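Note on naming: letters A, B, ... go to the chains in the order of the sequence lines (proteins, then strands), and numbering restarts at 1 for each one. All values reported here derive from a predicted model rather than from experimental measurement.
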2 protein chains.
Amino acid sequence: MAVFPRPPLPGSPRSLEPCLSCDARADSVCNAVDDEHLARLAELAVVSDVQAGQTFIEEGDPADSFFNLTAGSAKLYKLMADGRRQITGFVAKGHFLGLAVSATYAFSAEAIEPVRLCRFSRSRMFRLLGDFPALERRLLERAATELVAAQEQMLLLGRKTARERVASFLHTQSLAAPCGRARNSIELPMSRGDIADYLGLTVETVSRTLSRLRGEGLIEIPSATMVLVRDPGRLAVLAAG
Amino acid sequence: MAVFPRPPLPGSPRSLEPCLSCDARADSVCNAVDDEHLARLAELAVVSDVQAGQTFIEEGDPADSFFNLTAGSAKLYKLMADGRRQITGFVAKGHFLGLAVSATYAFSAEAIEPVRLCRFSRSRMFRLLGDFPALERRLLERAATELVAAQEQMLLLGRKTARERVASFLHTQSLAAPCGRARNSIELPMSRGDIADYLGLTVETVSRTLSRLRGEGLIEIPSATMVLVRDPGRLAVLAAG
DNA sequence: CGAGGGTTTGAATTAGATCAACTCTCGTGG
DNA sequence: CCACGAGAGTTGATCTAATTCAAACCCTCG
């Protein structure tokens, strides 16, 4: 459970400080803006906290804001009328949200762990973007990166077996590990249900598949939220099909 | 079979003309550049033609070029080692390709119908982009649009039934119809195999599902490459699940 | 006319879903 | 401290949607 040293006061006077000292800055598009101009960005940002389990973007709502996630983690998803859900991604510190061109959000977002985020007015942000080409470039790079990830996920969802999907997921998670964590140790803040909805499977299949991988000595599962990769090589091979 | 009035001569002197008179310009990111500056763009463009069935981007190859598709249509896809294929999108006139941030292409591209395309050196293009913020903005918009489409496709691949997938595909195709075509008439330049690899299904399932939709009076199939939507409303409902 | 794609249809098979039971964990309160 | 309950996770048995295997059926083109 993350604890925030500086609980945000809604409507509190904005200052440059939160941006300069933001520990998500290095991972974020914001670091395309140098210290001296950061104030322009900071005065647009409204910081807010979101509890675990709370939805902070609702698909179909007017897309007024950009978001920058500065702490915690969240899931992005789309829902069908009957409740079927597809999680399109998990996002962590430094991730930028709300690039949508349309007037409404194309997905929902819900905090998995307590989240802190910077909210920017879309219209003001767009105006600002004109003055910061480096920032815009960074956004373009991010979008391109996400597009590549999305294509990889389409391959997974369209063509991989359950086994390959779970292996791919573990493989990707182990690569995306925040540095300074034990090698081959994967933290899974999301539930099995979330993993299932991300991989286009059911909870049961995810659970069974994990158990089987454990039975084969590829991984260990010391607790439900932690996986140790015993054999990264074989896992990678499995993931690739 | 499209016939090009002006067969490109490789190495032919580049002029502004091909850009000014390009009939893909209206659909393309290029129209963010006004007439007087178009020359800057034109001098970077190398026009080339690609036959149907020919691959013009190979996954894993060095990503040296951007492409702008000015005629014809193509499929983008990823392959697994054993030949499984996921088509991540079909692209037509006006589509921009090759935004990848990494040093290599993340997907392959193959012409479905004869394709004409403008090739731009990535490095030169990026340099140029600095002088044309409107162009860069347009790229960002495109990327965002594609990201939204990709999320929709993930929902389809992860959570929709075969019936819903085929209905969604027909629905989307009917919306993306080039204007000036008969309402409710869908041209399908791609094969059943391509559709299957796009929807994460087999050829047989696609064929069976189409037949069933026809049996139910939702569509007509006057030829393999043409579908008439009899009941767009019910199709849309089906597509949504 | 016949060869060879692409497409359609049918029968058998199976990976994963569904349904159902059980376990584990963890927080609450007696 | 332990009993209890609720939710998440696991495991087993059955079922089914879609795949696989197999056989026509078309078009198109030489």
Review point. B:Arg212 CZ to C:dG10 P: how many Å, rounded?
Key: 14 Å
Point to revise | Heavy-atom check, side chain of A:Glu113 versus side chain of A:Glu187, under 4.5 Å | key: no
Review point. Phosphate oxygens OP1/OP2 of D:dT11: is one of them under 4.0 Å from a side-chain N or O of A:Arg214?
Key: yes
Exercise for review: Would you indicate what B:Ser191 reaches in the nucleic acid, counting non-hydrogen atoms under 4.0 angstrom: base, sugar-phosphate, or nothing?
Suggested key: sugar-phosphate
Point to revise | Minimum-distance nucleotide to A:Leu201 side chain [options: C:dG16, D:dA18, C:dT8] | key: C:dG16
Point to revise | Matching residue for A:Asp197 among A:Arg165, A:Arg192, A:Lys75, A:Arg85 - test: salt bridge (charged side-chain N to carboxylate O under 4.0 Å, His left out) | key: A:Arg85
Review point. Just one of A:Leu201, A:Leu188, A:Leu156 clears the side-chain contact (heavy atoms from CB on, under 4.5 Å) bar with A:Phe169, so which one?
Key: A:Leu188
Check your understanding: To the nearest angstrom, how far is B:Arg165 atom CZ from D:dA18 atom P?
Key -> 7 Å
Check your understanding: Among D:dC21, D:dG9, C:dG16, which is the nearest nucleotide to the side chain of B:Glu204?
Key -> D:dC21
Practice item. Search all heavy atoms of B:Ala239 against all heavy atoms of B:Ser168 and return the closest pair with its distance. Key: O-OG, 3.2 Å
Practice item. Mind calculating the distance between CG (A:Leu157) and C1' (C:dA15) to the nearest angstrom? Key: 16 Å
Exercise for review: Assign B:Leu210 to base, sugar-phosphate, or nothing according to its heavy-atom contacts below 4.0 angstrom with the strands shown.
Suggested key: nothing
Point to revise | Whole-Å gap separating C1' (D:dT19) and CZ (A:Arg159) | key: 10 Å
Review point. Between D:dG9, C:dT7, D:dA18, which one does the side chain of B:Arg192 approach most closely?
Key: C:dT7
**Study point:** Minimal non-hydrogen separation, A:Ala150 against B:Met154, with atom names
**Key:** CB-CE, 3.5 Å
Check your understanding: Using a cut-off of 4.0 Å on non-hydrogen atoms, how would the nucleic acid contact of A:Ser223 be classed: base, sugar-phosphate, or nothing?
Key -> nothing
Practice item. Check whether any side-chain N or O of A:Thr205 sits under 4.0 Å from OP1 or OP2 of C:dA17, and answer yes or no. Key: yes
Check your understanding: Does the base of D:dT20 carry an N or O that pairs as donor and acceptor with the side chain of B:Arg208 under 3.5 Å?
Key -> yes
Point to revise | Among C:dG16, D:dG9, D:dT11, the nucleotide that comes nearest once only the side chain of A:Ser211 is considered | key: D:dT11
Review point. Side-chain N or O of B:Thr202 less than 4.0 angstrom from OP1 or OP2 on D:dT20?
Key: no
